[in-house]
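Reckoned from all heavy atoms, side chains included, excluding hydrogens, waters and symmetry mates.
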Amino acid sequence: MDLPHRKSFSPDAAFYVGPRTGPKFLDHAPLFAVEVRSPEEYGPAAERLLRAKRAEYFAAGTQVVWDVDVLREGIVRVFRAAASELPRVYHRGDVAEAEPA
């Protein structure tokens, strides 16, 4: 990836289409990335960091990013590159999707 402040991503889960790299890191961003919040990823400062990280995913070519909050709200926010500030929110029991990835 060619981003000014990031050389790699390490999402909690991802979907990637491209050549296999074996045990090496992938050379490109995934089409779909999942970030599961840790206990310390709450509050205004954490929200700013997560927003910046999503922006970097989208700048690198990721189409969809899930923000999974199982600790507090029990929701999945689905962000898309085409509308990166307007997530679709899924609650427990809903079936979330990752279109267009």
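With sequence neighbours left out, the side-chain contact (heavy atoms from CB on, under 4.5 Å) criterion links Glu73 to Asp69, Ile75, Arg77. Residues passing the salt bridge (Lys or Arg N to Asp or Glu O under 4.0 Å) test with Arg80, sequence neighbours excluded: Glu97. Residues passing the ring pair (Phe, Tyr, Trp, His ring centres under 6.0 Å) test with Phe58: none are found, sequence neighbours excluded. Remark: Leu50 pairs with Arg37, Glu41, Arg54 by the side-chain contact (heavy atoms from CB on, under 4.5 Å) rule, at least two apart or across chains. The side chain to side chain donor-acceptor pair (under 3.5 Å) test applied to Arg51 returns no partner, not counting sequence neighbours.
Through side-chain heavy atoms spaced under 4.5 Å, either directly or across other Ile, Leu, Val, Met, Phe, Trp or Tyr residues, Val95 is tied to no other residue.
Tracing side-chain contacts under 4.5 Å through hydrophobic residues (I, L, V, M, F, W, Y), one reaches Phe15 starting from Val34; they form part of the same cluster.
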Pair Val76-Asp67, side-chain contact (heavy atoms from CB on, under 4.5 Å): steps then yes or no: CA-CA 6 Å; Val76 174; Asp67 173 2; over 6 Å; no

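Residue pairs meeting the ring-ring contact (aromatic ring centres under 6.0 Å, His included) criterion with at least one partner in residues 35-54, sequence neighbours excluded, are absent. Counting only residues at least two apart or on different chains, the ring-ring contact (aromatic ring centres under 6.0 Å, His included) pairs with a member in residues 60-85 are Phe32-Trp66.
Counting heavy atoms from C-beta on, the side chains of Thr62 and Pro30 come closer than 4.5 Å. No side-chain heavy atom of Val64 sits less than 4.5 Å from a side-chain heavy atom of Leu31.
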